[in-house]
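The residues of the chain are indexed from 1 along the displayed sequence.
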Amino acid sequence: SLDEIEGCTDPAATNYDEAANIDDGSCDYFEYFLVDELYLDMTQNSTPSSVVLDAGENYYLIITGTYCVGSCWGGNFWDAAFNANHPYSDADDPSIPVPSNGHWDWNGDTSMRPTPDEFNSDHIYNYPFVSNGGLETFHFQDDGGYGDNSGGLTIQIWQIVQNEISGCTDPAAMNYD
């Protein structure tokens, strides 16, 4: 006979217990809410700011898009985290990070890296963070002029909320909810 181990038996839950064989209704789930969406325009001095975020809450950015700063010859362009097509790099390995002097910054920081910190050809990057309260501010400034720049980044701010949902989540159980 199997030992009866109570716990969350739903693999989709944040507190899934693979050892549990009796669902005790304790499963927790994350919900995600789009809080704000901004556009960081690389063709002009651009400083968009978000709505005020709640201090101590978990958020993440989804940043998409590509842009070119300066001479865009040879198809040279960047995304939020990498030089996506550099004329001097192997086209199959566009792994040159955005320079630490930064094309863009987030609250004055140019050292931010996505999670996971890997190039992706869809140019979609996640940046999880805990808010200190207040605004999130993004900035782009090109001291060389904007006439030869193109593109920009779309920045979505998502809030992560953990919700406890009561009830049995095991579809094989008689009291499945």
**Asked** Taking only residues two or more places apart in sequence, or in another chain, which ones meet Asp122 in a salt bridge (charged side-chain N to carboxylate O under 4.0 Å, His left out)?
**Response** none
**Item:** All ring pair (Phe, Tyr, Trp, His ring centres under 6.0 Å) counterparts of His139, not counting sequence neighbours
**Value:** none
**Message:** Please tell me whether Tyr67 and His123 form a close aromatic pair, meaning their ring centres lie under 6.0 Å apart.
**Reply:** no
**Asked** Given side chains that start at C-beta, do those of Leu153 and Phe140 come closer than 4.5 Å, heavy atoms only?
**Response** no
**Request:** Indicate, with yes or no, if Val52 and Tyr59 share a hydrophobic cluster defined by side-chain heavy-atom contacts under 4.5 Å among Ile, Leu, Val, Met, Phe, Trp and Tyr.
**Result:** no
**Prompt:** Taking all atoms of both residues into account, what is the closest heavy-atom pair of Ala19 and Ile5, and its distance?
**Reply:** O-CD1, 3.4 Å
**Message:** Less than 4.5 Å apart, side chain to side chain, heavy atoms only: is that true for Asn45 and Thr47?
**Reply:** yes
**Asked** Do Leu38 and Phe138 come within less than 4.5 Å of each other through their side chains, counting heavy atoms only?
**Response** yes
**Message:** For a quick test of reading the model, state the closest non-hydrogen atom pair linking Gln44 to Asp41 and the distance between them.
**Reply:** NE2-OD2, 2.8 Å
**Request:** Output the distance between atom CG (Leu40) and atom OG (Ser46), rounded to the nearest 0.5 Å.
**Result:** 4.5 Å
**Request:** Kindly determine whether Thr9 and Asn21 satisfy side chain to side chain contact (heavy atoms under 4.5 Å, CB included), including the steps that lead there.
**Result:** CA-CA 7 Å; Thr9 61; Asn21 55 21; 5.9 Å; no
**Asked** Would you say the side chain of Thr154 lies within less than 4.5 Å of the side chain of Ile63, judging by non-hydrogen atoms?
**Response** no
**Request:** Please report the shortest heavy-atom distance between Leu34 and Gln156, naming the atom on each side.
**Result:** CD1-CB, 3.8 Å
**Fill in**
Rounding to 0.5 Å, atoms CD (Glu37) and CD1 (Ile157) come to a distance of 10.0 Å
**Request:** Identify the two heavy atoms, one from Met42 and one from Ser150, that lie closest to each other, and give their separation to 0.1 Å.
**Result:** CB-O, 4.1 Å
**Item:** Ring-face cation contact, Phe82 with Arg113, 6.0 Å cut, 45° max
**Value:** yes
**Request:** Start with the C-alpha gap between Asp54 and Gln159, add the side-chain angles, then the distance that decides, and say whether side chain to side chain contact (heavy atoms under 4.5 Å, CB included) holds.
**Result:** CA-CA 9 Å; Asp54 296 327; Gln159 184 173 14; 4.2 Å; yes
Without placing hydrogens or testing angles, list every side-chain donor-acceptor pair under 3.5 Å for residues 125-137, not counting sequence neighbours.
residue: Tyr125; atom: OH; partner: Asp79; partner atom: OD2; Å: 2.8
residue: Tyr125; atom: OH; partner: Asn120; partner atom: N; Å: 3.2
residue: Ser131; atom: OG; partner: Gly133; partner atom: N; Å: 2.9
residue: Glu136; atom: OE1; partner: Trp106; partner atom: NE1; Å: 2.6
residue: Glu136; atom: OE1; partner: Asn107; partner atom: ND2; Å: 2.6
residue: Thr137; atom: OG1; partner: Ser49; partner atom: OG; Å: 3.1

**Item:** Minimum heavy-atom distance between Asn149 and Thr43, given as atom pair plus value
**Value:** O-CG2, 3.8 Å
**Request:** Apply side chain to side chain contact (heavy atoms under 4.5 Å, CB included) to the pair Phe30 and Val161, showing each step before the final yes or no.
**Result:** CA-CA 5 Å; Phe30 286 129; Val161 178; over 6 Å; no
**Prompt:** Judged by atom type as modelled, is there a donor-acceptor pair below 3.5 Å linking the side chain of Trp104 to the main-chain atoms of Ala80?
**Reply:** yes
**Request:** Please name all residues satisfying ring pair (Phe, Tyr, Trp, His ring centres under 6.0 Å) with Tyr39, sequence neighbours left out, ordered by chain then number.
**Result:** none
**Item:** Residue pair Ser50, Asp36: steps toward the side-chain hydrogen bond (donor to acceptor under 3.5 Å, both in side chains) verdict
**Value:** CA-CA 6 Å; Ser50 72; Asp36 206 350; 4.8 Å; no
**Asked** In the hydrophobic cluster built from side-chain contacts under 4.5 Å, what are the other members alongside Ile22?
**Response** none
**Prompt:** So which heavy atom on Asn15 is nearest to which on Ser26, and how close?
**Reply:** ND2-O, 2.9 Å
**Item:** For Asp105, all residues meeting side-chain hydrogen bond (donor to acceptor under 3.5 Å, both in side chains), sequence neighbours excluded
**Value:** none
